[in-house]
Amino acid sequence: MTISATTPIMHKIPVGLVRRKRQRLALPVILGLVLAVLVLLPIVLMFLGAVRTGTFVDPRAHFSLRSVIAVYATMPYLKTLIVTIGASLAVSFLACFIGIALAWLISRTDIPAKAWMENAVIAPLYLSPFVGALAWLILGSPNAGLINVLAREVFGVTGYAINVMTATGVILVMALYNIPYAYMTVSAALKGMDPSMEEASYLNGAGVFSTALKVTLPVVRPSIISAFFFVFVLTCGTFSIPAALGGTQAMPFLAIDIYRATATYPVDYARAAAIGTLLFWISLIGVAFYRFASQVATRFVTVTARGFRTRFLKLRSWRLPAIGFILTYVTLAIILPYLALFYVAFTRFTSSNILTASYTLDNFRSVIASVAVRQSIGNTLLVGVISPTFCVLLGIVLAYSIRRLRIRGAGILDYIAMFPIAVPGIVFGTGIFWTYLMTPVYGTVWILVIAFVATYIPYAYRMIDTSIIQIDRSLEEASALCGASHYRTASQITFRLIRPSVLSAWILVFIFSIREISAAIILSSPSNRVLSVMSWDYLEFGNVQNAAIIGILQTVILMAGILVSRFLLRVKLSQSG
């Protein structure tokens, strides 16, 4: 029996193939559009806004290079550019120097309570840098700083003992809160390094410091370079710390100029966009060096199939100085700042004698009773829950589609998903402003959700992607051989195995969303103001006490999220677990 060419069977096969091809193309197209709208469109519109004299809906606005020329070719902005780059390099150097020392002590020595020490070192990562800067303003301002008041009234010091409202003070405080990034990058490399080369160095008579300088550090050099440029990119776009510690008077920063262009009269949105483009190029160059160093790091693989056990160096008489070094950092970054915040928040006035100070809850009650503060708490919680949820869902779909479905254009989607790392928060906020200015979402919490999802999608995506890569495909193949559908295999095998990483990604984005101020301050309005912006507003009006109370409220929310993740969800917040 022969089957003619007109038999229906021959027509069904091509139709099925066409349908499957359409389905395979639909997913990458949808994901590409979502990422393009979230990530690329704001940047493109920011560049367009920089060459206009007004917003896109202003009938009198026209295209002009006035703002671009003013930003790129005049001395005030060129000076600010040089200061921003120079300060960012200084912060990166200090943060990496201290971060490397901390990583080496915890990863390579017999220092006690390693898990506690590591949690303490990375703790500033989960707290707001703006709140830390506010605390150091309370501690080290030249006239009313607690340390200076104490020094004058108790020790008779004339003038001031410290002054954080200087260029040096701003750099030191920024370095203080960027150390965890350097520590985590270098620590991961040290923990994965085979110690046999170090042991060979010791056997040949080299000492501890000689081995560290000639063997350990050269092997992890790519990770050190990666950490350096990562901190550089973060610092270039930092708004909160230099703004809190004196703004342009202490140290001119491009991020502060963006805010001033949109918040002070006369408002110049085109000027803000032009500054944003300049800051974007600087960050892009830094990210290019960071990606290059990360790729080079793969050539220095020292983890082999042969198991190894790290031999921890005995500190002996150096143990107490090492513990003191770590505790000093923790004290400067967390303990001392928050003691200052609580002192100012619960006292009627500043006194050199903490024990006899007049403590009261009236300040706290007054702030909590404010309708605006209550609304900002609600906005903060709403944004803090919705943003990481959308981030994680998009990260799961992206990672699974790229790693398991092998969709077309996977490399392009991966690059776009990681692109926001090159864009500082305040630059993204400027782009989001230009994108959604005349839409219904502007002025609502939803524009903050869009900004935070776009900003933090790289963190959620990379954590989930790394987790999926570590799952052996044979587990999913075994499920398929047993008759399970693709959806059932994904839900019952893959997604269950990546659950810890999904929870970790959610908590990380939650923490970043709660503490974010750079993008939020550009997009803030009376109806969508969050706690970080509320604290800034109080500081702008000179009410440091209320700003400190808002900072404490923000910290309480952050700590609640960390405690829930740590003890209820069993999420590991440090490399030691």
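Residue indices begin at 1 and follow the sequence shown. Given the structure is predicted, the values throughout are model-derived calculations rather than measurements.
- Within the structure, the side-chain hydrogen bond (donor to acceptor under 3.5 Å, both in side chains) test picks out the following pairs touching residues 379-389 (sequence neighbours left out): Thr389-Trp506.
- Sequence neighbours left out, the pairs with a member in residues 519-535 that pass side-chain hydrogen bond (donor to acceptor under 3.5 Å, both in side chains) are Ser525-Ser527, Ser525-Asn528, Arg529-Asp537.
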Q: Decide yes or no on side-chain contact (heavy atoms from CB on, under 4.5 Å) for Ile106 and Ser187, but give the supporting numbers first.
A: CA-CA 8 Å; Ile106 294 176; Ser187 176; 5.8 Å; no
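- Take Arg515 and apply the salt bridge (Lys or Arg N to Asp or Glu O under 4.0 Å) test, not counting sequence neighbours, and it matches no residue.
- Phe230 has its side chain out of reach of Thr185: every pair of non-hydrogen atoms, C-beta onward, lies at least 4.5 Å apart.
- Thr435 OG1 to Phe433 CZ: the interatomic distance, rounded to the nearest 0.5 Å, is 10.5 Å.
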Q: Apply the test side-chain contact (heavy atoms from CB on, under 4.5 Å) to residues Thr238 and Val91: give CA-CA distance (whole Å), side-chain angles for both, the deciding distance (0.1 Å), then the verdict.
A: CA-CA 11 Å; Thr238 297; Val91 169; over 6 Å; no
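- Of all heavy-atom pairs spanning Gly395 and Ile457, the tightest one is N-CD1, 3.9 Å.
- At a threshold of 4.5 Å between non-hydrogen side-chain atoms, the residues Tyr338 and Leu127 count as touching.
- Atom CZ of Arg52 and atom CH2 of Trp434 lie 7.0 Å apart (nearest 0.5 Å).
- Considering every non-hydrogen atom in both Val71 and Ile275, the closest pair reads CG2-CG1, 3.7 Å.
- Judged purely by atom type and a 3.5 angstrom limit, Thr444 uses its side chain to pair as donor or acceptor with the backbone of Val441.
- The environment of Phe47 atom CZ is dense: over 12 non-hydrogen atoms of other residues, nucleotides or ligands sit within 6.0 angstrom.
- Note that CZ of Phe130 and CD1 of Ile550 are 10.5 Å apart. Values are rounded to the nearest 0.5 Å.
- Checking side-chain atoms of Asp414 against main-chain N and O of Ala410 turns up no donor-acceptor pair under 3.5 Å.
- The two residues Ile468 and Tyr400 come nearest to each other via the heavy atoms CD1-N, 3.8 Å.
- Looking at Ser467, its side chain never comes within 3.5 Å of a backbone N or O of Met463 through a donor-acceptor pair.
- The two residues Ser513 and Gly384 make their nearest non-hydrogen contact at CB-CA, 4.3 Å.
- Between the side chain of Asn178 and the backbone N or O of Met174 there is at least one donor-acceptor pair closer than 3.5 Å.
- Heavy atoms of other residues, nucleotides or ligands lying less than 6.0 angstrom from CG of Leu381 number more than 12.
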Q. Step by step, would you call Leu332 with Trp136 a side-chain contact (heavy atoms from CB on, under 4.5 Å)?
A. CA-CA 9 Å; Leu332 293 176; Trp136 273 105; 3.9 Å; yes
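- Here the CD1-SG distance, from Ile386 to Cys391, works out to 12.5 Å after rounding to the nearest 0.5 Å.
- For the atom pair CG (Leu27) and CG (Leu398), the distance works out to 9.0 Å, reported to the nearest 0.5 Å.
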Q: Show your reasoning for whether ring pair (Phe, Tyr, Trp, His ring centres under 6.0 Å) applies to Phe289 and Phe232.
A: CA-CA 10 Å; Phe289 281 107; Phe232 173 81; 8.9 Å; no
Q. Does the side-chain contact (heavy atoms from CB on, under 4.5 Å) test come out yes or no for Ile171 and Met251, once each step is laid out?
A. CA-CA 9 Å; Ile171 289 173; Met251 176 179 289; 3.7 Å; yes
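- Taking all atoms of both residues into account, the shortest heavy-atom contact from Val373 to Met534 is N-CE, 4.1 Å.
- Within the 4.5 Å cutoff, no side-chain heavy atoms of Trp446 are placed close to those of Tyr436.
- For the pair Phe342 and Ile552, the minimum side-chain heavy-atom distance is below 4.5 Å.
- Within the structure, the salt bridge (charged side-chain N to carboxylate O under 4.0 Å, His left out) test picks out no pair touching residues 223-236 (sequence neighbours left out).
- Two residues are said to be in side-chain contact when any heavy atoms from C-beta on lie closer than 4.5 Å; Phe228 and Leu89 meet this criterion.
- Note: Leu508 CG to Arg462 CZ = 14.0 Å, rounded to the nearest 0.5 Å.
- Taking Ser401 as the reference, nothing meets the side chain to side chain donor-acceptor pair (under 3.5 Å) condition, with sequence neighbours excluded.
- Annotation for Ala243 and Ile256: closest pair N-CD1, 3.7 Å, computed over non-hydrogen atoms.
- Between Tyr183 and Glu118, some side-chain heavy-atom pair lies under the 4.5 Å cut-off.
- For the pair Tyr126/Thr555, no side-chain contact is recorded, criterion being any heavy-atom separation below 4.5 Å from C-beta on.
- Pro124 meets the side chain to side chain contact (heavy atoms under 4.5 Å, CB included) test with Tyr177, Pro180, Tyr329, Ala333, Ile334; sequence neighbours excluded.
- You'll find the side chain of Ile282 reaches within 4.5 Å of the side chain of Leu81, heavy atoms only.
- Exactly one of Ile557, Ile562, Val383, Val392 qualifies for a side chain to side chain contact (heavy atoms under 4.5 Å, CB included) with Phe510. That residue is Ile557.
- Between Asp257 and Arg260 no salt bridge is recorded (no basic side-chain N to carboxylate O distance below 4.0 Å).
- Ring orientation note: the planes of Tyr456 and Phe512 are tilted relative to one another, at an angle of 30° to 60°.
- In the displayed structure, Phe364 atom CZ is contacted under 6.0 Å by more than 12 heavy atoms of other residues, nucleotides or ligands.
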